[in-house]
Amino acid sequence: MKSNTLLKALLISAVGFGLAGMAQAQSAKVGSVQIENAYTRSTVPGQMAAGGFMKIENKGAVDQLISASSPVAGEVQLHEMAMEGNVMKMRQVKEVVVPAGGAVELKPGGMHLMFINIKAPLTAGETVPVKLKFAKAGEVEVKMPVNAMGAQGGAMKH
């Protein structure tokens, strides 16, 4: 019976330790647009790029995410990733369309924000301020938690 109690204690500790590296995803709202589950991932020294992810819900007419910026990066671009045959292709896009009464998900392996020329490593547990600009809804700042590398889908390779 003692081994079961010890095993339970070890499992609880391991789960707690794993969650310690994951900051709570943030939400924000501007006009009819709701941002949910926004996050980015930690980086290593010398890493110059990182992805930003979130779900964008739109309760109004069609809108477009047209730009993003953050003081942690020299530039933040809107990116699309897709497979062409066996080759993963990534490219910058001018906008991310958010359908009327619908949602779009910025996630690893698909549409995402790309932080370029990161000024200092992103550290798990911190938050990154990101300003999003929508064509109709306007601007909103989202505090993106930095999750430990490997959390929520693993490291994004560029």
Side-chain angles (χ1 to χ4, degrees), residues 18-19 21-158:
L19 293 177
M22 289 181 60
Q24 187 70 356
Q26 296 294 303
S27 299
K29 185 171 177 24
V30 61
S32 61
V33 174
Q34 174 80 31
I35 312 299
E36 297 179 349
N37 303 321
Y39 72 98
T40 186
R41 293 193 188 110
S42 62
T43 61
V44 296
Q47 184 175 336
M48 299 303 296
F53 315 102
M54 68 194 75
K55 182 176 183 181
I56 305 170
E57 291 187 330
N58 183 6
K59 305 259 190 240
V62 78
D63 205 343
Q64 300 84 26
L65 173 60
I66 55 174
S67 69
S69 62
S70 176
V72 304
E75 183 179 7
V76 181
Q77 296 179 354
L78 309 176
H79 270 220
E80 171 182 69
M81 187 182 293
M83 292 298 293
E84 291 181 17
N86 290 333
V87 179
M88 187 177 295
K89 301 272 186 175
M90 189 177 335
R91 68 182 180 99
Q92 183 177 4
V93 294
K94 291 181 180 183
E95 63 186 21
V96 175
V97 175
V98 187
V104 64
E105 200 160 340
L106 278 58
K107 60 185 179 180
M111 301 291 290
H112 59 276
L113 299 181
M114 180 57 58
F115 298 96
I116 298 174
N117 295 325
I118 296 171
K119 298 175 182 176
L122 304 180
T123 305
E126 295 180 340
T127 58
V128 172
V130 179
K131 187 179 289 186
L132 303 174
K133 185 175 183 181
F134 292 88
K136 293 179 182 152
E139 292 185 359
V140 64
E141 184 172 290
V142 179
K143 302 275 189 209
M144 278 192 178
V146 179
N147 290 340
M149 200 168 299
Q152 297 198 20
M156 175 180 267
K157 303 269 190 224
H158 275 85

Taking all non-hydrogen atoms of both residues, which atom of Lys143 and which atom of Pro129 are closest, and how far apart? NZ-CB, 4.1 Å
Summary of salt bridge (Lys or Arg N to Asp or Glu O under 4.0 Å) pairs that have at least one residue in residues 81-96, sequence neighbours excluded: Glu80-Arg91
Distance-only, no hydrogens or angles: does the Thr43 side chain make a donor-acceptor pair with backbone N or O of Pro121 under 3.5 Å? no
Are any of the side-chain heavy atoms of Leu132 and Ile35 separated by less than 4.5 Å? yes
Please report the shortest heavy-atom distance between Val142 and Ala28, naming the atom on each side. CG2-CB, 3.9 Å
For the pair Lys119 (side chain) and Pro71 (backbone), establish whether a donor and an acceptor sit closer than 3.5 Å, ignoring hydrogens and angles. yes
Which residue is it: Val146, Thr123, Asn147? I am looking for the one with a side-chain contact (heavy atoms from CB on, under 4.5 Å) to Ser42. Val146
Would you confirm whether Asp63, through its side chain, and Val98, through its main-chain N or O, come within 3.5 Å as a donor-acceptor pair? no
Between Pro99 and Val97, what is the shortest heavy-atom contact and its length? CD-O, 3.7 Å
Does the Lys133 side chain pair with the main chain of Leu65, one donor and one acceptor, at a distance under 3.5 Å? no
Look at Glu141 together with Lys131 and state whether they make a salt bridge at an N to O cut-off of under 4.0 Å. no
Minimal heavy-atom distance between Val33 and Phe134, with the atoms involved, is CG1-CZ, 3.7 Å
Between Val93 and Met111 the two heavy atoms that sit nearest each other are CG2-CE, 3.8 Å
Check whether any side-chain N or O of Gln47 sits under 3.5 Å from a backbone N or O of Ala49 as a donor-acceptor pair, and report yes or no. yes
Write out all pairs satisfying salt bridge (Lys or Arg N to Asp or Glu O under 4.0 Å) with one or both partners inside residues 49-61, taking only residues at least two apart or from two chains. Lys55-Glu57
Donor-acceptor under 3.5 Å (Thr127 side chain, Met144 main chain): no
Is there side-chain contact between Gln77 and Phe115, with at least one heavy-atom pair below 4.5 Å? no
Measure from the side-chain N and O atoms of Thr40 to the backbone N and O of Gly51, and report whether any donor-acceptor pair falls under 3.5 Å. yes
Grab the two heavy atoms, one from Arg41 and one from Pro108, that are nearest each other, plus how far apart they are. NH2-CG, 3.1 Å
